[in-house]
A.B. asks: 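So that we are looking at the same thing, I have put the structure below in structure tokens.
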Amino acid sequence: MTMDLQTERCGVDGAAAAARRVIDALVRAGDISGADMAGIADRLNAVADDLEAQAPPLRDRLVNMWRGDGNTRHDPAAGPENPIAPPLAYTGRPDGSIESDVTLGLPYQGPPSSVHGGVSALLLDHTLGVANGWAGTSGMTAELTLRYHHPTPLFEPLTVTARQVSVDGRKIRTTGAIAAAGRTCVTAEGLFIAKPLPRPR
Ligand SMILES: CCCCCCCC(=O)SCCNC(=O)CCNC(=O)[C@H](O)C(C)(C)COP(=O)(O)OP(=O)(O)OC[C@H]1O[C@@H](n2cnc3c(N)ncnc32)[C@H](O)[C@@H]1OP(=O)(O)O
């Protein structure tokens, strides 16, 4: 079952996807390309000027971002509204786990042709959090333990999975992994504490 995060559509999604494409193309081109980088900077700054001039007050945008009670759309891992999110798109499995297939490019590079360890941590922290929501009991990350078994490749399909393991009072334990071609690259164990922060209203 696909989660509601993916079924809702907003106008900003298309612009965010274009910005994501620009980030990827910029990192890909670099200074060894023939691109007119000064001209590109001017054009990108003009876009930013336009957006900044029309942005609502910060508080209004925060309320808008946190509307409703379910998944949000702005986070840096799965948020379709956020250009720095790959973004992950989750499918819930009948066994209570969740899964997302994603291919990461150069903006997420750490070691050569491999995913940055901090990016893997971001994706796993968020995916464990979403798995908690999928299981019905959510919390704040209190501890996140990662084990990097093998380099996680860029440019190849990755599968990010997570599953809530137990709920003991306010303590929620959740595990997850990133795999490439059936090989586990990173595993995660998280302790979450049930303590909802109020959403801006
Ligand atoms: C769909 C959306 C998915 C989003 C996923 C993204 C998740 C995130 O990134 S969350 C952001 C990162 N996390 C944070 O910022 C959390 C910051 N920390 C906090 O807010 C608090 O320390 C918090 C909520 C973890 C715990 O605070 P608090 O509610 O006061 O806990 P407290 O009452 O002291 O302790 C409760 C129990 O948890 C235990 N505990 C608390 N913190 C920890 C910890 N870091 N490690 C181990 N145990 C802990 C305590 O020992 C206590 O256990 P016991 O009941 O056995 O004595």
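Counting convention: from 1, in listed order, for ligands and their atoms alike.
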A.B. asks: Between the side chains of Glu189 and Arg173, is the shortest nitrogen-to-carboxylate-oxygen separation below 4.0 Å, so that they form an ion pair?
C.D. replies: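 Here Arg173 does not pair with Glu189 in a salt bridge, since their nearest N and O are not under 4.0 Å apart.
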A.B. asks: Has Arg21 got more than 12 heavy atoms of other residues, nucleotides or ligands less than 6.0 Å from its CZ?
C.D. replies: no
A.B. asks: Within the structure, does Lys171 bring an N/O atom to less than 3.5 angstrom of an N/O atom in ligand 1?
C.D. replies: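 Yes.
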A.B. asks: Do you see a protein non-hydrogen atom under 4.0 Å from atom 8 (C) of ligand 1?
C.D. replies: yes
A.B. asks: Atom 13 (N) of ligand 1: protein heavy atom closer than 4.0 Å?
C.D. replies: yes
A.B. asks: Closer than 4.0 Å and a protein heavy atom, does any atom meet both conditions relative to atom 18 (N) of ligand 1?
C.D. replies: no
A.B. asks: Looking only at side-chain N and O atoms, does Thr174 offer a donor or acceptor that is under 3.5 Å from a partner on Asn132?
C.D. replies: yes
A.B. asks: Show the atoms of ligand 1 that are less than 4.0 angstrom away from any heavy atom in Leu191.
C.D. replies: 46 (N), 47 (C), 48 (N)
A.B. asks: Which residue owns the protein heavy atom closest to atom 32 (P) of ligand 1, what's the atom, and how far is it?
C.D. replies: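 Atom 32 (P) of ligand 1 sits closest to the protein heavy atom Arg170 NH1, 4.1 Å.
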A.B. asks: Is there a side-chain contact between Gln109 and His116 in this structure, where contact means two heavy atoms from C-beta onward sitting under 4.5 Å apart?
C.D. replies: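 Gln109 vs His116: side chains apart.
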A.B. asks: Run the numbers for me: atoms of ligand 1, each under 4.0 Å from some heavy atom of Met140, listed by number.
C.D. replies: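 Heavy-atom distances to Met140 below 4.0 Å select 14 (C), 15 (O), 16 (C), 20 (O).
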A.B. asks: With a 4.0 Å cut-off on N to O distance, would you call Asp69 and Arg201 a salt bridge?
C.D. replies: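 So Asp69 pairs with Arg201 through a salt bridge.
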A.B. asks: Report the member of Thr127, Ile193, Leu144, Asp125 with the shortest heavy-atom distance to atom 23 (C) of ligand 1.
C.D. replies: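 Ranked by closest heavy atom to atom 23 (C) of ligand 1, first place is Ile193.
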A.B. asks: Looking at atom 34 (O) of ligand 1, is any protein heavy atom nearer than 4.0 Å to it?
C.D. replies: no
A.B. asks: Could any protein non-hydrogen atom be found less than 4.0 Å from atom 50 (C) of ligand 1?
C.D. replies: no
A.B. asks: Check the side chains of Thr187 and Tyr148 for a donor-acceptor pair under 3.5 angstrom, ignoring hydrogens and angles.
C.D. replies: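 No, Thr187 and Tyr148 have no side-chain donor paired with an acceptor closer than 3.5 Å.
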A.B. asks: Using a 4.0 Å cutoff against the non-hydrogen atoms of Glu143, which atoms of ligand 1 qualify?
C.D. replies: 46 (N), 47 (C)
A.B. asks: Can you tell me which residue among Val130, Leu128, Leu124 is in a side chain to side chain contact (heavy atoms under 4.5 Å, CB included) with His126?
C.D. replies: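 So, applying the side chain to side chain contact (heavy atoms under 4.5 Å, CB included) to His126 and each of Val130, Leu128, Leu124, only Val130 qualifies.
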A.B. asks: May I ask you to check whether Ser166 and Asp168 show a side-chain donor-acceptor distance below 3.5 Å?
C.D. replies: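 No, Asp168 and Ser166 have no side-chain donor paired with an acceptor closer than 3.5 Å.
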A.B. asks: Does the N or O separation between Ala142 and ligand 1 drop below 3.5 Å for any pair?
C.D. replies: yes
A.B. asks: Which of the atoms in ligand 1, numbered in the order shown and given with their element, are less than 4.0 Å from a heavy-atom of Lys195?
C.D. replies: 24 (C), 28 (P), 29 (O), 30 (O)
A.B. asks: To which protein heavy atom is atom 16 (C) of ligand 1 closest, and what is the distance rounded to 0.1 Å?
C.D. replies: Thr141 O, 3.3 Å
A.B. asks: Quick one: do Glu81 and Arg61 make a salt bridge, cutoff under 4.0 Å?
C.D. replies: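 The answer is yes: the pair qualifies as a salt bridge.
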A.B. asks: Quick one: do Ser120 and Tyr108 satisfy side chain to side chain donor-acceptor pair (under 3.5 Å)? Show the steps, please.
C.D. replies: CA-CA 9 Å; Ser120 296; Tyr108 304 102; over 6 Å; no
A.B. asks: Answer yes or no: does an N/O atom from His126 fall short of 3.5 Å to an N/O atom of ligand 1?
C.D. replies: no
